[in-house]
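Read through the structure below, which is laid out as structure tokens, and then see the notes.
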Amino acid sequence: MYCTRKVTESVHWVGASDRRLALFENLFPIPRGVSYNSYLIDDEKTALLDTVDASVSAQFMENVLHVLDGRALDYLVINHMEPDHCANIAALALRFPEMKLVGNAKTFLFLRQFYDLDLTGRTVTVKEGDTLCLGSHTLRFVMAPMVHWPEVMVSYEESEQILFSADAFGSFGAINGNLFQDEVDFDRDWLDDARRYYTNIVGKYGPQVQAALKKLAGVEIAMICPLHGPVWRGDLGYLLGKYDLWSRYEPEEQAVAIFYASMYGDTESAANVLAAGLAEGGVKKVAVYDVSVTHVSTLIAEAFRCSHLVFAAPTYNAGVYPAMANFLEDMKNLSVQKRTVGLIENGTWAPMSGKQMRAALEGMKQMRILEPTVTLKSALKADSRAALDQLRDAILADLAPQG
Ligand code: FEO
């Protein structure tokens with residue numbers, strides 16, 4: 001059965017959600033599922049903006065056919081050629097032989113790489129600023145390269161001021177009937193997944209996101225329709241503000257996250273003592289994560305959220321404990337920067353993890369390392385406790401007053 005929602009009188013959500021998939025991109029856990037959004041504009045001409053993942057093809061096709069109600073599909077606009085959005089292009093091209101495919105030069109390069117479709121006479125190649133008139137609706141195309149693939153563009157519908165934003169402004173999480181941001185408690189139920197989605201998938205491309213935001217700065221936007229997660233029809237400043245912070249790698253909050261690795265509980269104990277000391281010093285909402293049991297995508301999202309990060313890890317094979325080493329490498333790859341950090345190392349006979357974690361952090365941009373690095377020889381004792389208290393005091397002195 002079809003399952004659609006009206007975005008406006010003539011724009012329809014025809015996407016679908018997958019609550020069975022364990023790992024998005026076979027990489028990121030999505031316990032709340034994920035939606036693949038697709039939008040159909042019903043005007044003198046009909047236009048579909050992007051398709052959906054193969055997992056929800058049947059639902060999607062029912063939705064499209066329901067909204068078309070016997071009409072043909074005139075245009076398929078391809079804002080993004082990643083398979084979670086383009087898996088149904090071939091099926092649509094077969095079902096609607098008159099349908100034109102709208103994309104940029106790179107869109108069609110990638111389309112031919114993924115699929116064997118005869119597109120002769122069926123492509124409309126657009127570039128920056130080109131428009132497509134559908135009747136009372138007109139789409140204007142704005143290139144957004146590397147947000148987060150090179151062919152990405154966004155489509156701005158001029159009459160209703162709707163931005164079809166591709167992956168930008170998207171989130172993990174299934175659509176549970178409530179399509180719009182004002183129908184959900186976004187801060188409570190969605191923000192963490194939106195941050196985890198952005199930081200892990202788009203995070204590396206902050207400068208490109210900034211470039212796209214600048215291009216759109218003078219455009220009146222009433223609604224944002226992303227390819228995943230809720231549609232925004234109000235409070236756009238909130239969302240744009242988050243994207244501005246994330247893409248400039250500025251922390252969202254003056255907050256402390258302590259990331260620890262621990263084999264037998266001794267490094268964990270030091271992390272707990274530090275957390276309690278910070279709390280005694282007035283720091284609220286201290287976040288503590290065991291990197292061995294927390295997915296690295298959550299660790300990354302927290303590194304983007306918090307201003308102060310502490311890394312505590314044992315020495316392992318004369319290096320950094322693997323789960324921590326992996327996290328630090330992911331931070332570097334995703335361009336995490338501009339944080340104030342503290343270090344706790346452990347080693348029973350030759351502690352090395354502090355030095356190597358320091359080197360990893362110094363390889364990132366604008367990381368400020370607080371002193372001292374705390375060295376545990378197997379377990380926290382009086383001398384290392386004194387150093388840990390010094391690190392706590394350095395963090396407290398550095399934090400802005402807590403509200
Ligand atoms: Fe949702 Fe970049 O694909």
Side-chain angles (χ1 to χ4, degrees), residues 13-39 48-57 59-60 63 76-90 92 101-104 106-111 113-115 141-155 163-175 179 190 193-209 211-213 224-232 239 242-243 246-247 297 300-301 330 333-335:
W13 178 80
V14 291
S17 290
D18 185 348
R19 298 182 184 84
R20 293 186 176 192
L21 185 67
L23 297 175
F24 185 79
E25 293 186 358
N26 219 3
L27 194 57
F28 303 110
I30 44 168
R32 295 177 57 250
V34 65
S35 77
Y36 304 104
N37 298 338
S38 169
Y39 305 92
L48 186 69
L49 290 108
D50 293 294
T51 81
V52 296
D53 188 76
S55 60
V56 293
S57 296
Q59 179 69 68
F60 165 71
N63 293 349
L76 170 62
V77 176
I78 306 166
N79 282 322
H80 186 21
M81 259 308 294
E82 193 160 6
D84 56 331
H85 308 293
C86 68
N88 287 273
I89 291 175
L92 287 171
L101 291 82
V102 182
N104 56 59
K106 276 210 171 70
T107 312
F108 295 120
L109 172 71
F110 290 178
L111 182 51
Q113 287 178 195
F114 275 111
Y115 306 113
F141 304 105
V142 178
M143 302 300 129
M146 296 316 300
V147 183
H148 61 130
W149 275 31
E151 89 299 353
V152 170
M153 61 184 197
V154 299
S155 303
L163 181 69
F164 296 96
S165 63
D167 276 338
F169 308 114
S171 176
F172 295 134
I175 294 295
L179 178 63
W190 285 87
D193 262 339
R195 184 188 304 107
R196 193 164 62 91
Y197 174 85
Y198 171 84
T199 57
N200 286 276
I201 291 175
V202 190
K204 180 180 178 64
Y205 303 107
Q208 289 85 352
V209 172
L213 289 174
I224 295 178
C225 292
L227 288 175
H228 303 283
V231 166
W232 288 75
L239 183 64
K242 295 288 183 197
Y243 261 68
W246 294 337
S247 57
S297 63
I300 289 291
D330 220 20
N333 291 341
L334 290 164
S335 209

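Bear in mind the structure is a predicted one, so any value in this text is a computation, not a measurement. Note that ligands are numbered from 1 as they come in the structure, with each ligand's atoms numbered from 1 the same way.
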Next item on the list: Could you tell me whether the side chains of Asp167 and His80 share a donor-acceptor contact shorter than 3.5 Å?
Entry: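 Yes - a donor-acceptor pair under 3.5 Å links their side chains.
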Check: Should the pair Trp149 and Phe110 be assigned to parallel (<30°), tilted (30 to 60°) or perpendicular (>60°) ring geometry?
Finding: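 Ring orientation, 0 to 90° scale: perpendicular.
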Next item on the list: List the steps and the verdict of side chain to side chain donor-acceptor pair (under 3.5 Å) for Asn37 and His85.
Entry: CA-CA 8 Å; Asn37 298 338; His85 308 293; over 6 Å; no
Next item on the list: Measure from the ring center of Phe172 to the ring center of His228 and say whether it is less than 6.0 Å.
Entry: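 Judged by ring-centre distance (under 6.0 Å), Phe172 and His228 do not meet the cut-off.
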Note to self: A cation-pi test, strictly: NZ or CZ of Arg195 under 6.0 Å from the centre of the six-membered ring of Trp190 and no more than 45 degrees from its axis. Yes or no?
What the structure shows: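 Pair Arg195/Trp190 does not count as cation-pi.
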Item checked: Proximal protein heteroatoms (N, O or S) of atom 1 (Fe) of ligand 1, under 2.8 Å ->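 Near atom 1 (Fe) of ligand 1, below 2.8 Å, one finds Asp84 OD2, His85 NE2, Asp167 OD1, His228 NE2.
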Check: Which pair of heavy atoms, one from Leu21 and one from Ile30, lies closest together, and at what distance?
Finding: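 Smallest interatomic distance, heavy atoms only, reads O-CG1, 3.4 Å.
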